[in-house]
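Right, one structure below, let's go through it.
Whatever order the structure lists them in is the order used to number ligands and atoms, beginning at 1. Note that the structure is predicted; figures quoted are calculated from it, not measured.
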Amino acid sequence: MKNIPIVIDFVVNNDLCIGCGLCVYKCPSKALDMRFNELGFLVPELVDDCDLDGACITVCPFNINPLAEIKSENELANNFLNETENSHPKIGKYKNIYAGYSEEHRLTSSSGGMATFVLTDLLQRGIVNHVFSVKKGTEGGAHYEYAISNNKQELLKGSKTRYFPVTLATVFSQLDKLNGNVAIVGVACFIKAIRLAQFSDPLLKEKIPFLVGIICGGVKSSFFTDYLSNKSGVENKQYTNPNYRIKNFDSSAGDYSFGCTSVITKEKKSIKMRHVGDMWGTGLFKANACDFCDDVTTELADISVGDAWLHPFVENGRGDNVLVTRSNLAEQIIKEGIANNSLKLEKLSLDQFLASQKGSFNHRHKGLPYRVKRANSKGQLTPPKRILIDESSFFFKIVQFFRLKTRQRSIELWKNNPYSLNFDAKIKTLLSVLKFATRLNHKFNSLKTKLKSEN
Ligand SMILES: Cc1cc2nc3c(=O)[nH]c(=O)nc-3n(C[C@H](O)[C@H](O)[C@H](O)COP(=O)(O)OP(=O)(O)OC[C@H]3O[C@@H](n4cnc5c(N)ncnc54)[C@H](O)[C@@H]3O)c2cc1C
Ligand code: SF4
Ligand code: SF4
């Protein structure tokens, strides 16, 4: 009988894999490779003999039994972020918080273009010679994948948010062959996996001197893109170039569209995301692992960038970022950018920043103890988490329960019957119950606040 690699046994088989691919890189026997599974997510698969050395699990961000010194983002931050003056339980270590945009990259980026600005700046300063970012996939492959850029022109092809499963495995397999240093952009769990790799191999600290973190509310199955293309009018996977964030410069930041091109008619199709409905608060097509992630702000990156879902920024369809700096170099890039007018940024208070990610904190922090308890009661293993005290109300738990159901059911439904016009009809009841439970929870919260203020 074949040996089962530890990451497959404990992480993939527990539905906790997020597809980062660092286990593939770390495996000395080259026993693993990343493949799409039947649920539309990238996971490692056994492709050769595994000798059970356990190297794979040392870099896994969803390791259920990590060493004490790398148990959570807090311990890892102590190993890597030693230039920060501030710390907060919700956002980890930080230097400063800003909001605004890059003059050069705003209109061609998803938010304010800060991710592209910082990566370009790192190349121009010669701090790094290569960037690992997400770009259009190669012909016949996935829509998007991580790729290597060696100069600004190549890098600019990798702007914009791609809500599509990607993996670092392909680019990390080339890391040793690259001359010079590398900057990497990634969501929190990917950045954590890189930090774990740097912890076990200090040479990687020098090779990868800068990490740009994407503030992340969850990764979607490839079914999400298929679903949106269908809604926009291109049926049966006959689409290319999915674009998740087509801005409306004359409207508000939330008024963006999804678009794609029909491979048959070459026609461009699009649909306003607000007409599709709430794809984020409901958990539709989301990875299970994301329900066990408490790192809202990508706490281990040198700089984290997100959407400025905050007044007055949300009123501007051109897009703005919120950003958190955590290293001297990150701070220098920002300060010099402001000084030479490349960046239009203002300092943001901690409270303003927390408000800009309120929904994510609510779901990922407040709802986490309920989800961990529920998973464990069903015999599912979970990684150690920092927030364990359950302070949520009965109504909040009901919302969590129906979100879990919606997530799971949406993936099952699409897997069993993709492109069916019945998908919306079949998920409708669950979405209505979730909406009702959410309303009840809001009413309960308002009543509680009113009673508190009267006492
Ligand atoms: C899966 C996902 C979930 C997100 N959830 C939230 C959220 O809940 N709240 C929030 O405020 N912001 C969220 N964002 C971030 C937001 O959409 C923008 O990416 C961010 O504000 C940076 O904008 P920008 O204009 O600076 O980026 P740009 O200048 O457009 O550059 C985007 C950078 O991100 C890289 N990238 C694109 N897709 C991915 C990917 N899938 N994984 C890793 N890197 C990628 C690109 O290669 C590029 O370097 C999410 C992004 C992703 C990918
Ligand atoms: S989360 Fe990453 S390291 Fe862990 S099993 Fe999945 S691909 Fe491998
Ligand atoms: S929510 Fe967390 S686990 Fe999920 S993709 Fe984002 S950073 Fe990774």
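- Of the options Lys160, Glu145, Lys135, the smallest heavy-atom separation from atom 37 (C) of ligand 1 is shown by Lys160.
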Please tabulate, for side-chain N and O atoms in residues 15-32, each donor-acceptor pair with protein atoms closer than 3.5 Å (sequence neighbours left out).
residue, atom, partner, partner atom, Å
Lys26, NZ, Ser200, OG, 3.1
Ser29, OG, Asp51, OD2, 3.4

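- Looking from atom 19 (O) of ligand 1 to the surrounding protein, the closest heavy atom is Thr161 OG1, 2.7 Å.
- Residue contacts to atom 6 (Fe) of ligand 3: Cys290 brings no N, O or S atom closer than 2.8 Å.
- Residue-ligand proximity, Cys293 to ligand 3, at heavy-atom distances under 4.0 Å covers atoms 1 (S), 2 (Fe), 3 (S), 7 (S).
- Residue-level contacts of ligand 2 at the 4.0 Å heavy-atom threshold are Val7, Val11, Cys17, Ile18, Gly19, Cys20, Gly21, Cys23, Met34, Pro44, Cys60, Pro61.
- Between the side chains of Arg364 and Ser360, at least one donor-acceptor pair of N or O atoms lies under 3.5 Å.
- Annotation: salt bridge (Lys or Arg N to Asp or Glu O under 4.0 Å) contacts of Asp278 (sequence neighbours excluded): none.
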Margin query: Before you tell me yes or no, could you show the steps for Tyr239 and Asp226 under side chain to side chain donor-acceptor pair (under 3.5 Å), namely the whole-Å CA-CA distance, both residues' side-chain angles and the distance that decides it to 0.1 Å?
Written below: CA-CA 8 Å; Tyr239 66 92; Asp226 295 344; 2.5 Å; yes
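- Only one option out of Asp302, Asn86, Asn328, Thr325 pairs with Lys95 in a side chain to side chain donor-acceptor pair (under 3.5 Å); it is Asn328.
- Under the salt bridge (Lys or Arg N to Asp or Glu O under 4.0 Å) rule, Glu73 has a single partner from Lys385, Lys192, Lys90, which is Lys192.
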Item checked: Arg409 and Glu412: CA distance, side-chain angles, deciding distance, salt bridge (charged side-chain N to carboxylate O under 4.0 Å, His left out) verdict -> CA-CA 5 Å; Arg409 186 89 183 109; Glu412 268 169 23; 3.4 Å; yes
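- With a 4.5 Å cut-off on side-chain heavy atoms, Ile194 and Leu211 count as touching.
- Taking the ring centre of Tyr144 as origin, the terminal cationic atom of Lys136 falls outside the region bounded by 6.0 Å and 45° from the ring axis.
- Atoms of ligand 1 lying under 4.0 Å from at least one heavy atom of Gly218, given by number and element, are 1 (C), 3 (C).
- Nearest to atom 39 (C) of ligand 1 among the protein's heavy atoms is Val134 CG2, 3.6 Å.
- Within the 4.0 Å heavy-atom shell around ligand 1 one does not find Ser360.
- Stacking of Lys220 on the aromatic ring of Trp280 is recorded, both the 6.0 Å distance cut-off and the 45° axial limit being met.
- Applying the 4.0 Å criterion to heavy atoms of Ser109 picks out, from ligand 1, the atoms 25 (O), 28 (P), 29 (O), 30 (O).
- For Cys216, no nitrogen or oxygen atom sits less than 3.5 Å from a nitrogen or oxygen atom of ligand 1, counting backbone and side chain alike.
- Taking a cut-off of under 4.0 Å to the non-hydrogen atoms of Leu119, the atoms of ligand 1 that pass are 49 (O).
- Atom 51 (C) of ligand 1 has as its closest protein heavy atom Ile214 CG2, 3.3 Å.
- In terms of protein heavy-atom proximity, atom 14 (N) of ligand 1 is closest to Ile215 O, 2.8 Å.
- Closest to atom 21 (O) of ligand 1 by heavy atom, among Gly359, Ala115, Ser111, Ser110, is Ser111.
- Within the 4.0 Å heavy-atom criterion, both parts of Asp307, backbone and side chain, lie near ligand 1.
- Cation-pi check for Lys160 over Tyr244 is not met; the charged atom does not lie both under 6.0 angstrom from the ring centroid and within 45 degrees of its normal.
- Residues Asp320 and Ser111 form no side-chain contact, since every pair of their non-hydrogen atoms from C-beta on lies 4.5 Å or further apart.
- Within ligand 3, the atoms closer than 4.0 Å to a non-hydrogen atom of Gly218 are 1 (S), 6 (Fe), numbered from 1 in the order shown.
- Annotation: Gly158 places an N or O atom under 3.5 Å from an N or O atom of ligand 1; distance criterion only.
- Atoms of ligand 1 lying under 4.0 Å from at least one heavy atom of Arg245, given by number and element, are 17 (O).
- Side-chain atoms of Thr298 and Ser304 include no donor-acceptor pair closer than 3.5 Å.
- Contacts with ligand 1 closer than 4.0 Å are made by no heavy atom of Tyr144, backbone or side chain.
- In this structure the side chain of Asn150 reaches within 4.5 angstrom of the side chain of Ile148, judged on heavy atoms.
- Interface atoms of ligand 1 facing Gly217, defined by a heavy-atom separation under 4.0 Å, are 3 (C), 4 (C), 5 (N), 6 (C), 7 (C), 8 (O).
- Numbered from 1 in the order shown, with element, the atoms of ligand 3 that lie under 4.0 Å from a heavy atom of Val219 read 5 (S).
- Side chains of Arg326 and Asn96 form no contact here, defined as non-hydrogen atoms less than 4.5 Å apart.
- Heavy-atom contacts of Ala188 reach the following atoms of ligand 3: 7 (S) (cutoff under 4.0 Å).
- Distances below 4.0 Å separate heavy atoms of Ser133 from the following atoms of ligand 1: 47 (O), 49 (O).
- Atom 43 (C) of ligand 1 has as its closest protein heavy atom Tyr146 OH, 3.5 Å.
- Those atoms of ligand 1 that come under 4.0 Å of a heavy atom in Gln357, given as number and element, are 9 (N), 10 (C), 11 (O).
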Margin query: Set out, in order, the CA-CA distance, both residues' side-chain angles and the distance that settles salt bridge (charged side-chain N to carboxylate O under 4.0 Å, His left out) for Glu104 and Lys152, then state yes or no.
Written below: CA-CA 13 Å; Glu104 185 181 354; Lys152 184 175 172 182; 2.8 Å; yes
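- Near Gly112, meaning under 4.0 Å from one of its heavy atoms, ligand 1 places the atoms 25 (O).
- With rounding to the nearest 0.5 Å, the separation of OG in Ser149 from NZ in Lys135 is 2.5 Å.
- Here the protein heavy atom with the shortest distance to atom 38 (N) of ligand 1 is Arg162 N, 3.0 Å.
- Using a 4.5 Å heavy-atom cutoff, the side chains of Val372 and Tyr370 are not in contact.
- With atom 29 (O) of ligand 1 as the reference point, the heavy atom nearest to it among Asn321, Val212, Thr116, Val166 is part of Thr116.
- Residues passing the side chain to side chain donor-acceptor pair (under 3.5 Å) test with Ser251 are Asp255, sequence neighbours excluded.
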